[in-house]
Protein chains: 2
Amino acid sequence: MSEMRRPTMTDVAREVGVTAKTVSRVLNDEGPVAPQTRERVMAAVRKLGYQPNLMARNMRVGARDAAIGLVIPEMGNPFFGTVAGGVESAVRARGLTLIVGSSSESAELEQSLIATFLARRVTALMVVPSAASDHRHLRGERVAGLPIVFLDRPAVGLTADSVVSANREGARSGVAHLIAHGHRRIGFIADLPSTLYTRRERFQGYRDALDEAGLQFDRSLVETGHDQEAAASATMRLLTLADPPTALFAGNNLASMGAVVALARAGRKEVALVGFDDLPLAEALDPPLTVVAQDPAGMGAAAAELVLARMDGDRSKARRSLVPARLIVRGSGELPAPQHAPAHRPRRPRRGDSVTNGPSVRPG
Amino acid sequence: MSEMRRPTMTDVAREVGVTAKTVSRVLNDEGPVAPQTRERVMAAVRKLGYQPNLMARNMRVGARDAAIGLVIPEMGNPFFGTVAGGVESAVRARGLTLIVGSSSESAELEQSLIATFLARRVTALMVVPSAASDHRHLRGERVAGLPIVFLDRPAVGLTADSVVSANREGARSGVAHLIAHGHRRIGFIADLPSTLYTRRERFQGYRDALDEAGLQFDRSLVETGHDQEAAASATMRLLTLADPPTALFAGNNLASMGAVVALARAGRKEVALVGFDDLPLAEALDPPLTVVAQDPAGMGAAAAELVLARMDGDRSKARRSLVPARLIVRGSGELPAPQHAPAHRPRRPRRGDSVTNGPSVRPG
DNA sequence: TTGTAAGCGTTATCAT
DNA sequence: ATGATAACGCTTACAA
């Protein structure tokens, strides 16, 4: 019950009969200390259960906490979780602590979290922006030299480093894969809002693939669903069109799941499907799901490298780093277009159509 | 490029022509301040872009950071991520910041993370222990009055609050569900190590269900796999026994996925399966997967409540809180035992056999 | 309504 | 090899 005061460096010093500075020297391996003194200090530290106060230390040392603040939209989302994991392992190697907060996809919460981190005087800031956020308010921090890196989506209203997936090229290769299997009408299931960076980029990739193949874009083949159930409905709308698609491209993992569920419910196992972003159990589906897999851990690691370089004094201009996405062929994307469809003239293979037979992502 | 010094409270005060204390009063809405002074202070704060230094504040106020430290085994695992999310929302309502670190299931890293948090003087500590960890080293902190709560798995070597799933009862109800559908030989696919708390509890639940139904335990029906692929192998070993099980109970989500994959590969769609812990896409599997779902967000919230109560001075003795798990019926668990099997005498229904038709968990 | 002095736990600087 | 003193940025207690 006794709310004992925690021992301080001075307590340790008194116990030994020296000054706080001496204890400090021992603990930081700094300057000359008599071996015998060091012994006694260490003994006292153990005896009292002393643990240095990082807050006090950081305050004195330079008003900079040895921590990096990371804001992600959602903790429970394995994509962001894996990103955070990638950041953490890279950062831990340098003895830095990662502080993670989640914004629940709210621009307001995101800003308040950032403020908290700044108030804690983090050494660096990493942000996965939520949909509607704006980062003008960070301009001062950038000027002041605080390393800031954005992940998954670039900053809005601010010139800063960012690390993002190769969304456009990834989507292009996924759709090209479907085209290569004879499909000419390919539905696109997207998420909201349509202004979201990733959604825009992936949609561009979809258009790129169509253009390359000389296929005409058909607006009616694009449907939107903001969650799994909505994506399932979107899928059903596409399947019941007068001239329905023979293949589907899902713009993110929720869209993929919605499509999978909808196809399963409708018993439409012949419809080809490629999803953006890998899923656990993708391999166990019937047919197994072909995806364009992102590399969240790699993204986190790349962002961490960038931040560390900035901390080490790299003052070069802001850059955008692209993390490659790769096609994982499992079955659903190789279902051929029905015979009665107009014949397809195969195009020449091109770089980026890598066809790997990879495993499913790490499970939940 | 100019590494400008960050403005302090004194800078603001000088700008206005008052004392730091006055600025402090304004910022904390404390004591009487002339409306006009307040105005000018706020103006200066904006002009200088002043942001209070939380480290300095916390140090003065009581050597306690307004942050709660949470250690989880893995960030990318949606189960732990969702737990963290549950904690965070509950804690944020109180103006507290959550600091999350991941131990990579290493007892050593766990301890070093805890040390970092203690050095930061967190207000409270929450830990999801990794497999091999021991918490004797935290006894001093407990005595000193630091609120500590363990999640998912109880502390080892330490009497402390914990919040865990109803593992035993959940497993019992899942296995009972299979028995109720006529199965008499039920395989158990478990993870490693067998000393792990959750594994032990769930295994006990399996035994409980067998006992209740008067079925004899058969050691050969228990197989182990520490990851998805190993669980798939374990499943295959069970299926190829001389007297194979007609139903399987998977002890965790990895085991479930392994079992699903193995059954799919073997084309054994008639084998009943119930998994512990829900999976995204469970609904899209063929057959859809029946599970005993945990409530990770609820667990996080419950743990947060407990911690907050402790922070508010609750000094009652350490307690273990059980978060209910519930059966979600989707299809795989209701596949009947083959006719040629010995007839089964149905038991009376009992509490805890709740049969809900729920949705799949939130997707990744 | 505002200011002064002291102190939180640590380290930098300069002495001894 | 060790100590004394000041300082980091803020708040508490007391004074004016």
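Just so we're clear, the structure is a prediction, and the values are computed from it rather than from any experiment. Here is the naming used below: chain letters follow the sequence lines, and residue numbers restart at 1 for every chain.
- We find that CE of B:M55 is positioned 10 Å from P of D:dC10, with the value rounded to whole Å.
- Under 3.5 Å, the side chains of A:H135 and A:E110 contain a donor-acceptor pair of N or O atoms.
- The side chain to side chain contact (heavy atoms under 4.5 Å, CB included) check on A:M42 picks up A:V26, A:L27, A:R46, with sequence neighbours excluded.
- The terminal axes of the helix from C:dT1-D:dA16 to C:dT16-D:dA1, fitted over 5 pairs per end, subtend an angle of 40° to the nearest 10°.
- B:I68 places none of its side-chain heavy atoms less than 4.5 Å from the side chain of B:V122.
- Rounded to an integer number of Å, the gap from CG of B:N53 to P of C:dC8 is 18 Å.
- Distances shorter than 4.0 Å separate none of the side-chain N or O atoms of B:T22 from OP1 or OP2 on C:dT1.
- Residues A:R57 and B:M55 have side chains not in contact (no heavy-atom distance under 4.5 Å, counting atoms from C-beta outward).
- Sorted by first and then second residue, the side chain to side chain donor-acceptor pair (under 3.5 Å) pairs involving residues 24-34 of chain B (not counting sequence neighbours) are B:S24-B:N28, B:D29-B:R38.
- At whole-Å resolution of the value, CZ in A:R121 and P in C:dT10 are 21 Å apart.
- The shortest side-chain heavy-atom distance between B:T8 and B:N53 does not fall under the 4.5 Å cut-off.
- Atom CZ in A:R14 sits about 11 Å away from atom P in C:dG9, given to the nearest Å.
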**OP:** Evaluate the side chain to side chain contact (heavy atoms under 4.5 Å, CB included) criterion for residues B:V91 and B:V307: first the C-alpha distance (whole Å), next the side-chain angles of each, then the deciding distance (0.1 Å), finally the verdict.
**Re:** CA-CA 9 Å; B:V91 136; B:V307 152; 5.7 Å; no
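- Heavy-atom distances under 4.0 Å link DNA chain C to A:Y50, A:P52 of residues 33-52 of chain A, given in residue order.
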Original post:
What string of B, S and - do you get for nucleotides 11-16 of chain D, 5' to 3', when a contact is any protein heavy atom under 4.0 Å?
Top reply: BBB---
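- In this structure, the side chains of B:M75 and A:V87 stay at 4.5 Å or more apart for every pair of heavy atoms.
- Of the candidate nucleotides C:dC8, D:dC8, D:dG3, D:dC8 has the atom nearest to the side chain of A:M59.
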Enumerate donor-acceptor pairs with a distance under 3.5 Å from any side-chain N or O in residues 148-161 of chain A to protein atoms, sequence neighbours excluded.
unit_1 : atom_1 : unit_2 : atom_2 : d
A:R153 : NH1    : A:P129 : O      : 2.5
A:R153 : NH2    : A:E105 : OE2    : 3.3
A:D161 : OD1    : A:R310 : NH2    : 2.9
A:D161 : OD1    : A:R319 : N      : 2.9
A:D161 : OD2    : A:R310 : NE     : 2.7
A:D161 : OD2    : A:R310 : NH2    : 3.3

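- Side-chain contact between A:L118 and A:L138: present, with at least one pair of heavy atoms (C-beta onward) separated by less than 4.5 Å.
- Listed candidates were C:dT10, C:dT1, D:dT2. Nearest to the side chain of A:T10 is C:dT10.
- Spacing between atom CG of A:L54 and atom C1' of C:dT11 amounts to 13 Å, rounded to whole angstrom units.
- Here the side chains of A:R320 and A:S162 are in contact, with some heavy-atom distance below 4.5 Å.
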